Amino acid sequence: MNGAEVLVVVYDGVQLLDVAGPLEAFDGATRASAGAYRVRLASLGGRDVVTSSGVRLGVDTDLARVEGAPDTLLVAGGWGHAAAVGDRELVGQVRRLSGGARRTVSVCTGAFVLAEAGLLDGRRATTHWAYCADLAEAYPAVTVEPDAIFVRDAGVATSAGVTAGLDLALALIEEDHGAELARRVAKWLVVFLQRPGGQSQFSMWSRVRPSGDDTLRRLLGEIAADPAADHSVPALAERLSVSARHVSRVFAREIGMSPGRYVERARVEAAQVLLEMGRDGVESIARRCGFGTAEAMRRAFLREIGVPPSAYRDRFVGTAAI
């Protein structure tokens with residue numbers, strides 16, 4: 001695997017961290033294990049690109065002039081991904097190079113470029129939580145996994161938003177050179193080798209469909225405003241002036257989940273905010289958000305976001321609360 005080429009596809013509007021995160025990981029592996037990777041940036045025409053944050057990136061080569069195939073083809077994401085998807089030449093070059101690459105990888109919304117090239121058809125994939133629904137709608141042949149940090153499926157790997165590209169790069173380093181090297185790189189970069197939990201830590205509502213029913217939207221607003229109130233199915237039915245069975249049908253049709261699951265998510269969301277503020281104890285937050293006990297809240301957190309409240313607080317508490 002010495003000197004395995006990683007070719008990173010960039011374009012105007014690419015997210016700087018989508019590029020820099022994996023590059024730093026591969027560079028760390030190369031420094032720790034001489035010659036592990038050789039990284040090049042490629043764009044159409046070999047032109048330098050301007051990232052979404054305004055930083056100019058020097059590019060090594062023209063996509064069209066790349067002969068042979070890289071070991072790893074990586075397509076970065078960013079605010080410019082929509083224009084990239086609409087660029088037939090760029091998409092075509094990605095398709096061509098992927099055909100000979102050992103593996104094809106995307107970071108964040110770079111998944112849209114892979115999907116447009118047909119490289120995700122029949123495969124599982126992920127992208128930034130805010131774009132998972134868009135990816136699933138635009139490319140129905142792709143099975144989108146909205147809670148995954150990264151997904152690997154038959155030689156194609158996709159990652160969630162921004163820093164998740166670093167998680168995926170570490171996983172690829174581990175695949176190529178073993179866990180010890182990946183662990184050394186992770187320690188050097190001061191990141192998790194395997195991040196706890198999924199994307200739902202960052203937006204649990206990314207999986208909730210918006211409702212077109214005005215009455216139901218008002219009810220959902222009431223649940224969010226007072227998560228500790230009685231939101232049992234009979235209570236919701238009374239507020240909607242319908243039967244309990246009809247409430248369940250409306251939630252399933254409009255929201256895509258049961259009333260109980262929705263209320264649990266609303267309570268978890270409220271608890272996340274209070275935990276991030278870092279002032280109240282877990283027992284107090286559990287009561288304020290309608291869980292009753294800290295243990296009930298812990299079980300709900302594990303179901304909904306994959307980490308307990310204490311770990312969530314440690315990860316996301318604001319610096320002002322420390």
Side-chain angles (χ1 to χ4, degrees), residues 9 11 13-15 17-18 21-22 72-87 90-91 94-95 98 101 103-172 175 194-212 251-258 261-262 264-265 268-269 303-307:
V9 178
Y11 44 84
V14 75
Q15 178 108 17
L17 200 53
D18 283 10
T72 300
L73 178 68
L74 187 154
V75 180
W79 293 108
H81 77 273
V85 166
D87 190 320
L90 186 144
V91 172
V94 167
R95 186 186 300 114
S98 176
R103 63 189 173 204
T104 299
V105 176
S106 68
V107 177
C108 193
T109 51
F112 283 82
V113 177
L114 300 192
E116 183 67 19
L119 302 174
L120 300 183
D121 288 356
R123 288 190 167 98
R124 297 176 298 110
T126 194
T127 188
H128 191 292
W129 61 262
Y131 291 93
C132 283
D134 293 340
L135 183 65
E137 182 178 358
Y139 303 98
V142 181
T143 300
V144 178
E145 297 191 1
D147 194 38
I149 295 297
F150 59 82
V151 173
R152 288 188 282 184
D153 189 339
V156 177
T158 52
S159 78
V162 197
T163 60
L166 186 52
D167 296 74
L168 178 54
L170 289 169
L172 298 179
E175 177 184 284
Q194 184 173 351
R195 188 194 310 227
Q199 290 200 81
S200 52
Q201 298 174 77
F202 307 96
S203 180
M204 56 182 284
W205 299 115
S206 63
R207 292 171 287 167
V208 175
R209 299 200 300 257
S211 172
F251 268 77
R253 183 184 70 242
E254 295 290 329
I255 307 300
M257 66 183 68
S258 70
R261 187 69 185 276
Y262 185 89
E264 179 173 88
R265 288 189 178 183
V268 167
E269 173 90 346
R303 278 192 298 270
E304 296 298 337
I305 64 174
V307 294

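Note that the coordinates shown come from a computational prediction; the quantities given were computed from them, not determined experimentally. Only this structure's heavy atoms are used, side chains among them; waters, hydrogens and symmetry mates stay out. For the single chain, residues carry numbers from 1 onward in sequence order.
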Please find the pair of heavy atoms, one from [X] and one from [Y], that lie closest to each other, and give the distance.
X      : Y      : result
Ala84  : Val113 : CB-CG2, 4.1 Å
Thr126 : Ala160 : CG2-N, 3.7 Å
Thr104 : Leu119 : CG2-CD1, 4.3 Å
Cys132 : Pro146 : SG-CA, 3.6 Å
Ala125 : Leu120 : CB-CD1, 3.9 Å
Ala171 : Phe150 : CB-CZ, 3.6 Å

Main chain of [Y], side chain of [X]: is a donor-acceptor contact present, judged purely on distance under 3.5 Å?
X      : Y      : value
Asp153 : Arg124 : yes
Tyr262 : Gly256 : no
Arg152 : Thr158 : no
Asp18  : Gly77  : yes

Between atom [atom1] of [X] and atom [atom2] of [Y], what is the distance when rounded to the nearest 0.5 Å?
X      : Y      : atom1 : atom2 : value
Ile305 : Glu269 : CD1   : CD    : 10.0 Å
Leu168 : Ser106 : CG    : OG    : 8.0 Å
Leu17  : Leu166 : CG    : CG    : 8.0 Å

Just by distance, no angles: are the side chains of Thr72 and Arg103 close enough, under 3.5 Å, to form a donor-acceptor pair?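 Yes, Arg103 and Thr72 have a side-chain donor paired with an acceptor closer than 3.5 Å.
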Answer yes or no: is there an ion pair linking Glu116 with Arg95, defined by an N-O contact shorter than 4.0 Å?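 Here Glu116 does not pair with Arg95 in a salt bridge, since their nearest N and O are not under 4.0 Å apart.
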Side chains of Leu90 and Tyr11, heavy atoms from C-beta outward: is any pair under 4.5 Å?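 Yes; the side chains approach each other to less than 4.5 Å.
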Ring-plane angle category for Phe112 and His81, please: parallel below 30°, perpendicular beyond 60°, tilted otherwise.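 Tilted.
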